[in-house]
Number of protein chains: 2
Amino acid sequence: MPDKTKISKRIIERLSEYRTTLEEIDIHGNRNIYSHDLAKLCGVTAAQVRRDLMNIGFSGSSARGYDVPELLQNVTNFLGFGEERRMVLVGIGHLGRALLDFFVDRNPKLVLCAAFDVNEMRVNRVIHGVRCYPVSVMGEVVAEMQAQMGIITVPESAAQDVASTLVESGVTGLLNFAPVQLRVPSHVFVENLNISTVLEKVAYFAGQSAEKER
Amino acid sequence: MPDKTKISKRIIERLSEYRTTLEEIDIHGNRNIYSHDLAKLCGVTAAQVRRDLMNIGFSGSSARGYDVPELLQNVTNFLGFGEERRMVLVGIGHLGRALLDFFVDRNPKLVLCAAFDVNEMRVNRVIHGVRCYPVSVMGEVVAEMQAQMGIITVPESAAQDVASTLVESGVTGLLNFAPVQLRVPSHVFVENLNISTVLEKVAYFAGQSAEKER
DNA sequence: GTAACGCTGTGAATTTTTTCACAGTAAGAC
DNA sequence: GTCTTACTGTGAAAAAATTCACAGCGTTAC
Ligand SMILES: NC(=O)c1ccc[n+]([C@@H]2O[C@H](COP(=O)([O-])OP(=O)(O)OC[C@H]3O[C@@H](n4cnc5c(N)ncnc54)[C@H](O)[C@@H]3O)[C@@H](O)[C@H]2O)c1
Ligand SMILES: NC(=O)c1ccc[n+]([C@@H]2O[C@H](COP(=O)([O-])OP(=O)(O)OC[C@H]3O[C@@H](n4cnc5c(N)ncnc54)[C@H](O)[C@@H]3O)[C@@H](O)[C@H]2O)c1
């Protein structure tokens, strides 16, 4: 895949959503779908769908729309799920455990292969099929497993250290739930998922709506 | 507050982040901050900070930058936290419980006032200070409490029903963790937080980085 | 005093993202 | 066959978001 054009975060997000939706459609047995219908299912416009698929070089037919299995295959490959990706989770607390449960059977190409915690009570066992280790061996295990991604669910104060260790061990992508700006080398991709921020956004617009209603 | 010209989601997100950061700075006792410094702490550019603050009509001084307490107050008010906002959570499962814990002492103006579940085993008790009710009384309780926002952490199959009930009871903002596109009246603001999508995005860019590294 | 500095506020330029709108096309009706 | 229809692919336009770049100003140095 001679990936040339730089594809934006936004487009990747939508492609991921198309992919999830297409999987369901495919299981349902539908062979074809129009941009318009896929758009509605994903909450975007038809033109957006066509533009996005154009960006990854996929073509449909004017009469039948897009071939579902073929498109699913293409999007999946484009997103890099042709081969297995390994990830680890650090911080087996409230949120960490919810995520351990969540990843069971999610995306077969996105494998959560280990979890770590500083608390000895929470490690040396298997939770939802994932082996849990003490943080002391984190660098070693991550490097050995060649994990590419790390999910950070430790308290704010520990997040930077965890991130640095992960990066040193070869991780190039981080999903960070701690409300802190991580400092990492520029080749590492960081996505911060700050639930407080998201909620405050909802609060703001919920307020706007309530105001308008009156 | 005469007319808030339409402020975009993106700006609100950043304002929320500024707010959190400013709170810490304020507690630390710093009286002033430059756009440049706030920008660095929040991972954006200085011009962006200045533009955003201009959008909410806040001014600093050329010599001392922005007055921290005053700015914090302004942003907080702008986001609508002058008065208390009530929210409810539906689905006291793995994720729901993590969130119940998370909201303890977060934002004093954003109060999680009730939680609901269909499973009788999980209700009629108090978890992390939040009273848990059976879904059967949800509409009633939500209306009575005048909750404005709902957090949906039920399985995909139940999400639409839950959303509809909440909206009927007066909720105007939803934070939806179920991977499904909710259909709601146009005056209701919905934010979908699909963790699979976020992770797939991280996977994509982690792959890009790893490729480049070679 | 006044000069030098480094900041903010902001028009304007630039870049990015989204939408429009329509030519081209394939299928089905008859 | 030809007509009708409804789709895709895509330049071009529009809109939105971001960055540039600099005038103007308060503070400090001397
Ligand atoms: N609970 C939520 O729903 C939620 C939501 C959004 C964000 N967050 C954020 O996610 C993070 C974790 O939240 P939580 O509620 O799961 O907290 P938690 O206290 O329940 O869990 C944190 C876990 O991290 C472990 N830990 C601490 N230091 C560590 C280190 N250096 N290395 C490895 N493990 C370490 C602790 O032992 C604990 O098990 C926090 O930053 C929080 O702000 C939580
Ligand atoms: N666990 C995670 O980390 C995670 C992460 C992202 C998204 N999600 C999504 O969040 C949702 C919940 O995930 P979970 O892991 O907490 O699942 P879970 O099965 O642990 O919890 C779901 C809860 O919802 C309750 N419920 C079911 N139907 C209901 C109804 N009609 N009304 C009220 N309550 C009802 C169940 O009794 C259960 O307690 C799912 O849609 C999941 O895809 C979960």
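Chain naming here is simple, since letters A, B, ... match the order of the sequence lines and numbering starts at 1 in each.
Each of B:Phe58 and A:Ser8 was assigned the nucleotide of DNA chain C with the nearest heavy atom; the assignment lying further toward the 5' end belongs to B:Phe58.
A donor-acceptor distance shorter than 3.5 angstrom exists from the side chain of A:Asn55 to the backbone of A:Arg51, with no hydrogens or angles considered. Formation of a donor-acceptor pair under 3.5 Å by the A:Arg85 side chain with backbone atoms of A:Leu110 is not found in this model. The main-chain N or O of B:Asn192 is never found under 3.5 Å from a side-chain atom of B:Asn176 such that the two would form a donor-acceptor pair.
Of the residues in residues 30-41 of chain B, none has a non-hydrogen atom less than 4.0 angstrom from any atom of DNA chain D. Near DNA chain D, defined here as any heavy-atom distance below 4.0 Å, the residues from residues 43-51 of chain B are B:Thr45, B:Gln48, B:Arg50, B:Arg51, listed numerically.
Salt-bridge annotation for B:Lys9 and B:Glu13: absent, with no side-chain N of the basic residue lying under 4.0 Å from a carboxylate O of the acidic one. At a threshold of 4.0 Å, the pair A:Glu83-A:Lys109 does not count as salt-bridged, since none of the basic side-chain nitrogens sits closer than that to a carboxylate oxygen.
Taking only distance into account, the side chain of B:Ser62 never meets the base of C:dT8 through a donor-acceptor pair shorter than 3.5 Å.
Atom CD1 in A:Ile11 sits roughly 14 Å away from atom C1' in C:dT15 (whole-Å rounding). In this structure, the CE atom of B:Met54 is 12 Å from the C1' atom of C:dA12, given to the nearest Å. Atom CG in B:Asn55 sits roughly 14 Å away from atom C1' in C:dG11 (whole-Å rounding).
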Would you mind writing out the side-chain donor-acceptor pairs for residues 30-37 of chain A within the sub-3.5 Å range, not counting sequence neighbours?
residue : atom : partner : partner atom : Å
A:Tyr34 : OH   : A:Ala63 : O            : 3.1
A:Ser35 : OG   : A:Arg50 : NH1          : 3.3

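Using modelled atom types and a 3.5 Å distance limit, the side chains of A:Ser196 and A:Glu200 yield no donor-acceptor pair. Side-chain contact, B:Gln148 with B:Thr172: no donor N or O sits under 3.5 Å from an acceptor N or O.
On the nucleic acid side, DNA chain D contacts chain B at distances under 4.0 Å to non-hydrogen atoms, with the end points of that region at D:dA17 to D:dT27.
Considering only residues two or more places apart in sequence or on other chains, B:Glu84 meets the salt bridge (Lys or Arg N to Asp or Glu O under 4.0 Å) condition with B:Arg86.
Between A:Phe78 and B:Tyr204, the distance separating the two ring centers is shorter than 6.0 angstrom.
At least one side-chain nitrogen or oxygen of B:Ser59 sits closer than 4.0 Å to the OP1 or OP2 atom of C:dG9.
Among pairs with a residue in residues 93-117 of chain A, those fulfilling ring-ring contact (aromatic ring centres under 6.0 Å, His included) read A:His94-B:His128, A:Phe116-A:Tyr133, at least two apart in sequence or across chains.
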